[in-house]
Amino acid sequence: MVTKVLCVAEKPSIAKAVANHLAGGQVQTRNVQGNPYVKNYEFSYNFPTWGQCSVTMTSVLGHLTSHEFDPQYKSWRSCDPSALFEARIDTIVEDDKKPVAENIKRQAAYNKVLYIWTDCDREGENIGTEIRSVATQGNQSFRQPGNTVRARFSNIERAHIINAARSPVQLDEAQSNAVSARIELDLRIGASFTRNLTMSLQPMLQQRSGEDRSQVISYGSCQFPTLGFVVERYIRVRNFVPETLWGIKVMHEKDRIKVNFNWARGHLFDRMAVIILFERCLTAKTARVTKVQTKPTSKWKPLPLTTVELQKCGSRFLRLDSQRVMQVAEQLYQKGWISYPRTETDQFDRGMDLRALVQKQTQGGPWTQFAQDLMNGGFSQPRSGRNNDKAHPPIHPVNFVVPASLSQEEQRVHEFVVRRFLACCSQDARGSKTEISILYGSEIFNTSGLVVLEQNYLDVYPYDKWTSSQDLPDFREGEVFEPTEARMNEGQTSPPGYLTEPELIALMDANGIGTDATMAEHIAKIKDRDYVQTRPRARQQRQQGEEEEYEPAEAAEPDAGAGRGRGRGRARARGGRGGGAGRGGGATTGVQEFIPTTLGVALVEGYENMGFETSLTKPFLRKEMELRMKAICEGRKTKAEVVHESIEQYRDVYIRTQQRLDSLRAVTGTLVGTPGQNGILVSGTE
DNA sequence: GCAAGGTC
């Protein structure tokens, strides 16, 4: 008698891959009525645990169930928003998931073992328990521990999958409970604060703007900190006070080459001190070469590609915002050209056959020759980063596609993924760096030169720039010369720029705001809510010695009235009459910068003016949530305890918000609707 | 009309 096993994966692609690995060719594929993506794969397999089995492998599409308030709370006017802190929450299957749930229920009736193949992360454990609960409706016996198991796997290589099939483990209830807690808290707090903010502030907004569109003012544990980052930078720009600074410039011409030496101190904010040091230079008359050192140097090839990195590079190099990059990457994934685009992993599994993947890229495209060279001995194992989500490999091309068959945007993203992958499999660029130091008076000045000897990965990865500098003349240690030119210069510190999209993504990543799959959505959300606006950043004045930025091939878009360039936020001496910011001159870089609207600033300042110890706009609350989830995972706390203590914390903020809503109204009243500024607060320094 | 997280 064969045992019947029902396997359920988190997504159709995993179901298909696992079925093919286990079945060894003998697979019967059946459609599932009502859903075009989910398939049932039938085959037989000999599990060590149960012997020869008849297996049905299917999948869900992410979370199977949703959570909503009891219908009596559906209308916004049905209750005080704070009632949502304790309102009953129903677990339901949305209409579009019903065919998926029905399929599992029906299959469950015929099967003896439920084998869960969701991703091995917290959400995966939770989706696993959702699957078990739906399956149990069709077959009570899955309630018994031995009848429901899960697979432990971190990639879909054949050997790895077969090993996972041979050693089933239990679902991790604690991890699943941690996710349940997060779901409940996000729903209760998000819905109550959103209703309260919207109903309290909307009348004023409409009155001011004269519009009657129903604008939602939402609160979410991710969208608010995201807004907070944008506002914080904006305030820093607005409050920036330039400081005057002084430096010493030394130039010497030798062998018809002009060499600029940089003062080791950079600059000082004390004019008299610089005058004294400068005069010592002039008194000394001659400078002496104290160091001439030439040594090999290299520029490291990039790390394997994660989602966060893809989004940052998309903003920087491809002229696509993070949400668009993800949409395009998703399309490329579904068409089978690239691997799963949502991954935190920046290390390739040792067992992966990377050469086979490189080989596929020798079939065409502008990188053909480079890929061929890698196959002819240039291949080098990619570097390993520090992150591994144990669910997905780094993003890489999985097949060859003729670029012309893709849309324009798809081509850009695909080309980036391929070039990044080939760069990872190539070698670091190598060069030779010469450093020269001189002692002039009491002061040290340095200069350096670079000769790029081997481009290596740079040949396929134009997004990185590393170019040879002008040749340095021949200096000898101990050599004495009288500098051609020495002068004191005055400059000013320049303000930081507004937050750019790659910076925002980096901040969210570092502070655990959102996941690789959702960060772009949170950014899109605060734009959609009219909390922030974006505009192309004006091109920066290039500083001498600064690395060149990669510029997209397309012509720059016209400047959307931005007008002014911005400094980079680092103190830097500039020549001339202390002209602070560079002049954009109408040209823009590809990168977008974020500026909060009056509404966005009002929300953040309104909450901050209330002076709570728990700040809704700072990332700490989300970090706290992360710690509490971890406590549940490690069995130090129960879900009920965490939900209770978090709700009480937010209830406190809610009550005090209510009491101080006047403060919020007052600030909003002064800021919203500043005439003629299209909702953008202009910097106070302008 | 509300959140954030999966996935298509």
Side-chain angles (χ1 to χ4, degrees), chain A residues 9-16 32 35-39 59-69 73-79 81-85 87 89 94 96-97 99-100 118-119 121-131 175-176 178-200 202 213-226 307 326-327 329-336 340-342 389 391-392 508 512-526 528-529 616 621-622 625-626 629 646 650:
Chain A
E10 185 165 323
K11 41 190 167 262
S13 59
I14 296 287
K16 186 176 183 180
V32 170
N35 189 293
Y37 309 109
V38 174
K39 305 263 187 268
S59 74
V60 289
L61 297 148
H63 282 288
L64 189 54
T65 56
S66 306
H67 304 83
E68 57 181 35
F69 292 110
Y73 300 97
K74 194 162 190 259
S75 157
W76 282 36
R77 305 264 167 207
S78 67
C79 63
S82 65
L84 301 179
F85 286 135
I89 292 174
E94 296 276 3
D96 62 336
K97 295 289 177 66
V100 183
T118 48
D119 289 354
D121 51 24
R122 272 194 317 228
E123 296 293 332
E125 296 305 321
N126 186 263
I127 292 168
T129 62
E130 290 179 352
I131 293 167
Q175 287 196 52
S176 172
V179 171
S180 296
R182 191 221 77 225
I183 290 171
E184 181 174 343
L185 288 170
D186 280 337
L187 176 60
R188 290 192 188 284
I189 297 159
S192 57
F193 275 77
T194 298
R195 286 188 188 185
N196 193 30
L197 278 173
T198 304
M199 291 194 289
S200 304
Q202 198 184 62
R213 86 195 149 108
S214 49
Q215 187 182 3
V216 171
I217 303 168
S218 58
Y219 169 80
S221 60
C222 288
Q223 50 179 276
F224 246 55
T226 304
T307 304
M326 287 311 290
Q327 284 164 354
E330 177 69 30
Q331 289 161 17
L332 291 168
Y333 161 67
Q334 283 184 38
K335 291 180 185 171
Y340 195 65
R342 290 178 280 274
D389 62 18
H392 305 284
M508 294 173 74
I513 305 300
T515 67
D516 46 13
T518 61
M519 282 191 298
E521 288 173 33
H522 300 312
I523 295 173
K525 177 85 76 185
I526 62 172
D528 188 53
R529 290 277 185 258
L616 296 185
L621 270 183
R622 184 72 214 185
M625 167 95 87
E626 199 56 43
M629 284 171 75
S646 303
Y650 278 91

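Just so you know, these numbers come straight off a predicted model, no measurement behind them. All values below were derived from every heavy atom in this structure, side-chain atoms included, with hydrogens, water molecules and symmetry-related copies excluded. Residue numbering restarts at 1 for every chain, and letters A, B, ... go by the order of the sequence lines.
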Legend entry - Non-neighbouring partners of A/Tyr650 that pass ring-ring contact (aromatic ring centres under 6.0 Å, His included), sequence neighbours left out: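 Partners of A/Tyr650 under the ring-ring contact (aromatic ring centres under 6.0 Å, His included) test: none.
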
Inset, instruction - Apply ring-ring contact (aromatic ring centres under 6.0 Å, His included) to A/His392 and list each qualifying residue two or more places apart in sequence or on a separate chain. - result: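 Result, ring-ring contact (aromatic ring centres under 6.0 Å, His included) vs A/His392: A/Tyr340.
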
[X] [atom1] to [N] [atom2], straight-line distance once rounded to whole Å:
X: A/Gln223; N: B/dG5; atom1: CD; atom2: C1'; value: 14 Å
X: A/Ile523; N: B/dA3; atom1: CD1; atom2: P; value: 16 Å
X: A/Leu616; N: B/dA4; atom1: CG; atom2: P; value: 12 Å
X: A/Leu185; N: B/dG5; atom1: CG; atom2: C1'; value: 14 Å
X: A/Asp516; N: B/dA4; atom1: CG; atom2: P; value: 16 Å
X: A/Glu626; N: B/dG5; atom1: CD; atom2: P; value: 9 Å
X: A/Ile513; N: B/dA3; atom1: CD1; atom2: C1'; value: 14 Å
X: A/His63; N: B/dA3; atom1: NE2; atom2: P; value: 16 Å

Touch class at under 4.0 angstrom, heavy-atom based, for [X] against every strand present:
X: A/Arg122; value: nothing
X: A/Tyr333; value: sugar-phosphate
X: A/Thr198; value: base
X: A/Lys97; value: base
X: A/Pro12; value: sugar-phosphate

Side chain proximity check, [X] to [Y], heavy atoms < 4.5 angstrom:
X: A/Val32; Y: A/Val100; answer: no
X: A/Arg77; Y: A/Met199; answer: yes
X: A/Tyr73; Y: A/Ile89; answer: no

[X] side-chain N/O to [N] phosphate OP1/OP2 under 4.0 Å:
X: A/Thr515; N: B/dG6; value: yes
X: A/Tyr340; N: B/dT7; value: yes
X: A/Ser218; N: B/dA3; value: yes
X: A/His522; N: B/dG5; value: yes
X: A/Arg182; N: B/dG6; value: no
X: A/Thr518; N: B/dG5; value: yes
X: A/Arg529; N: B/dC2; value: yes
X: A/Arg188; N: B/dA4; value: no
X: A/Lys74; N: B/dC2; value: no

Which of these nucleotides, [options], is closest to any side-chain atom of [X]?
X: A/Lys11; options: B/dA3, B/dT7, B/dC2; result: B/dT7
X: A/Asp119; options: B/dC2, B/dA3, B/dT7; result: B/dT7
X: A/Ala517; options: B/dA4, B/dC2, B/dT7; result: B/dT7
X: A/Trp76; options: B/dT7, B/dG1, B/dA3; result: B/dG1

Legend entry - First of A/Gly514 and A/Val216 reached from the 5' end of DNA chain B, by closest nucleotide: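 It is A/Val216, whose closest nucleotide lies nearer the 5' terminus.
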
Inset, instruction - Would you mind telling me which residue lines up with the more 5' stretch of DNA chain B, A/Asn35 or A/Glu68, judged by nearest nucleotide? - result: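 On the 5' side of the pair lies A/Glu68.
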
Inset, instruction - State the CG-CZ distance between A/Asp389 and A/Arg342, to the nearest 0.5 angstrom. - result: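 Spacing of CG (A/Asp389) from CZ (A/Arg342) equals 12.0 Å.
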
Inset, instruction - Identify whether the distance between the nearest side-chain nitrogen and carboxylate oxygen of A/Glu626 and A/Arg122 falls below 4.0 Å. - result: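 A/Arg122 and A/Glu626: salt-bridged.
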
Inset, instruction - Flag as yes if A/Tyr219 stacks onto the base of B/dA3 (centroids under 5.5 Å, planes under 30°), otherwise no. - result: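 Taking the rule of under 5.5 Å and under 30°, the ring of A/Tyr219 does not stack on B/dA3.
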
